[in-house]
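Whatever order the structure lists ligands and atoms in, that order sets their numbers, starting from 1.
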Amino acid sequence: MPLPSIDVPFLTDFLTELLNIPSPTGYAEKAIAFTEDALAKFPELTMRRNRKGALLVEWPGKQQNEPRALTAHADTLGAMVKDIKPNGRLKLTQIGGYAWNTIEGEGVTVFPSRGEPVRGVVLLNMSSGHVFGRQVSETKRDEDSLEIRLDVRTSSVEDTRGFGIQIGDFVAFDPRVEVTNGFIRSRHLDDKACVACIVAAVKAMHEAGLTPTQRTHLMISNYEEVGHGAATGFPADLSELVAVDMAAVGGGQTSDEFHATLCVKDSGGPYHYELSQKLRRLAEDQAIEYKVDIYPYYGSDGEAYWRAGGDVAVALIGPGVDASHNYERTHTDALIATTQWILAYLLS
Ligand SMILES: [Zn+2]
């Protein structure tokens with residue numbers, strides 16, 4: 001059976017908009033709401049939030065003897081204000097796992113719990129080459145050496161507090177989205193790229209008048225980057241879960257920016273063999289070129305559900321993302337392949 005056609009401009013536009021919505025883990029509500037609005041156009045879906053704030057979607061299927069689920073996460077890496085320094089600048093604590101040097105020079109928005117967002121940038125505390133010379137290159141980047149310089153007049157704790165900023169305020173890094181020659185370059189393609197693939201798959205099914213073979217549950221989770229996103233929220237009769245998340249690209253990896261990858265093992269160990277085999281067959285039947293890979297430093301929402309006691313088969317697919325948890329990049333080809341793979345699974 002041929003797959004329904006994918007609206008690629010829609011996929012790219014939706015992704016660009018989603019990337020531009022700040023959503024560090026713990027503060028992802030607007031990204032969840034944006035996704036909910038996009039899915040609200042398809043009346044066959046029933047949607048609700050769980051108390052944790054994830055978006056849960058039920059999609060009736062032709063059968064429901066083996067219900068399935070797909071998940072992707074809308075939360076991203078980010079930071080929180082750890083301290084206001086005596087000079088009015090901010091010390092950070094990380095949300096999610098990344099190297100400190102990957103955020104140096106990045107524009108940020110601080111979201112005070114009261115008051116307007118404040119812009120700024122992450123800088124080394126000895127950033128001027130004319131003042132600090134070699135120390136600019138030799139200082140180790142960490143929570144003590146990096147700080148936020150705010151774009152408001154402040155030189156004291158009191159000044160900064162005057163803008164409503166307090167310890168615990170969320171900090172979002174600029175996504176810097178750029179679409180060129182089919183490449184999409186942005187922070188936080190992990191995992192907004194896969195949220196976009198799922199939404200594009202729903203749209204393709206809807207426009208072709210197709211129904212999933214099995215009742216299918218979609219979860220757009222909001223706590224993945226800290227390890228427990230999809231730990232809860234699936235129905236008790238669920239039989240399979242396919243986590244859709246970025247593939248890790250780099251030396252020694254088979255994954256690349258132009259293909260979707262089946263991950264067979266990551267830091268949490270092997271995924272479910274039979275479900276993985278089924279996904280390989282589906283890709284081959286539809287002539288979707290795919291990679292098989294192992295991710296050395298990686299965990300997924302599929303494992304979060306397993307660790308929480310989920311008794312289902314779990315597999316992981318997703319588009320190759322270069323420089324992950326850094327300034328990331330993927331290509332439309334990988335997003336199309338991932339969406340096709342999701343469609344093949346829905347129709348299998
Ligand atoms: Zn991810």
Side-chain angles (χ1 to χ4, degrees), residues 14-15 18-19 21-28 31-32 35 52-55 69-79 94-99 102-103 172-173 175 177 184-199 218-231 233 241-250 253 255-257 259-269 271 291 293-308 314-330 334-335 337-339 341-342:
F14 174 86
L15 175 54
L18 183 60
L19 287 164
I21 298 171
S23 61
T25 309
Y27 196 69
I32 295 282
T35 308
K52 191 171 167 177
L55 178 62
L70 292 159
T71 188
H73 64 96
D75 63 306
T76 71
L77 302 177
Q94 292 185 324
I95 296 174
Y98 53 89
T102 60
I103 60 166
F173 305 127
V177 190
I184 300 158
R185 169 156 51 85
S186 174
R187 284 186 188 275
H188 313 321
L189 288 167
D190 173 14
D191 184 30
K192 290 177 171 176
C194 299
V195 175
C197 291
I198 289 177
V199 173
L218 310 175
M219 181 189 303
I220 307 303
S221 76
N222 59 339
Y223 280 92
E224 193 276 348
E225 290 293 357
V226 294
H228 58 75
L241 169 61
V242 175
V244 190
D245 208 336
M246 50 139 283
V249 173
Q253 298 295 108
S255 303
D256 67 32
E257 294 166 273
H259 294 87
T261 298
L262 173 76
C263 176
V264 290
K265 177 182 179 288
D266 62 19
S267 306
Y271 284 89
K291 307 282 184 178
D293 214 347
I294 291 165
Y295 308 154
Y297 304 99
Y298 192 106
S300 78
D301 254 347
E303 284 155 348
Y305 189 52
W306 259 351
R307 287 213 168 82
V314 175
L316 172 63
I317 61 171
V321 169
D322 188 61
S324 53
H325 284 199
N326 202 322
Y327 194 12
E328 301 171 342
R329 192 181 73 169
T330 190
L335 302 181
T338 302
T339 309
W341 213 345
I342 292 169

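- Residues Ser324 and Asp190 have side chains that never bring a donor and an acceptor to within less than 3.5 angstrom of each other.
- With no hydrogens or angles considered, a side-chain donor-acceptor pair links Lys192 and Ser23 at under 3.5 Å.
- Residues Asp75 and Thr25 bring a donor and an acceptor atom of their side chains to less than 3.5 Å of each other.
- Using bins of under 30°, 30° to 60° and over 60° for the plane-to-plane angle, the ring pair Phe173/Tyr98 lands in the perpendicular bin.
- Remark: the Ser221 side chain and the Asp301 side chain contain an N/O donor-acceptor pair separated by less than 3.5 Å.
- With waters left out, the protein N, O or S atoms under 2.8 Å from the Zn ion (ligand 1) add up to 4.
- Tyr305 and Thr71 form no side-chain donor-acceptor contact under 3.5 Å, judged by distance and modelled atom types alone.
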